[in-house]
Amino acid sequence: MNTFRKASPAKSVMFVVDYADARRAYLWVDNPGKASDPRAVGIIARAQQEQGTLPGGDIASIRRVR
């Protein structure tokens, strides 16, 4: 009997979005492949701002959290 399990790969990646006016929001990217490309994450963040799921404003930085 094997009690150890292999960890399953992450299904989503979490980012913290810092705004120029010191606000902070969190962003989840469901595709881990796209999460490794900083340019793609920036495009996803702007798209979510247009949809209204991420607050509008000038994004100062985006950092991976988990």
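Bear in mind that the values here come from a model prediction, so they are computed numbers and not experimental data. Residue numbers start at 1 and run along the sequence shown.
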Partners passing side-chain contact (heavy atoms from CB on, under 4.5 Å) against Ala35 (at least two apart in sequence or in another chain)
Val13, Phe15, Val29
Looking only at heavy atoms, what is the nearest atom pair of Pro55 and Ala25, with distance?
CD-CB, 4.0 Å
Got a sec, which pairs hit salt bridge (charged side-chain N to carboxylate O under 4.0 Å, His left out) with one end in residues 41-59, sequence neighbours left out?
none
Decide side chain to side chain contact (heavy atoms under 4.5 Å, CB included) for Asn31 and Ile44; before the verdict, give the C-alpha distance in whole Å, the side-chain angles of both, and the deciding distance to 0.1 Å.
CA-CA 11 Å; Asn31 186 346; Ile44 292 169; over 6 Å; no
Salt-bridged, Asp18 to Arg63, with N to O below 4.0 Å?
yes
Nearest non-hydrogen partners of Gly42 and Ile62, listed with the distance
CA-CD1, 4.1 Å
Counterpart residues, side chain to side chain donor-acceptor pair (under 3.5 Å), relative to Asp37 (two or more places apart)
none
Who passes side-chain contact (heavy atoms from CB on, under 4.5 Å) against Thr53, sequence neighbours left out?
Gln48, Gln51
May I ask you to test the Arg24-Val17 pair for a side-chain heavy-atom distance under 4.5 Å?
no
The criterion is side-chain contact (heavy atoms from CB on, under 4.5 Å); which residues satisfy it with Asp21, sequence neighbours excluded?
Tyr19, Arg23
Tracing side-chain links under 4.5 Å among I, L, V, M, F, W and Y, which residues wind up in one group with Val65?
Met14, Val16, Tyr26, Trp28
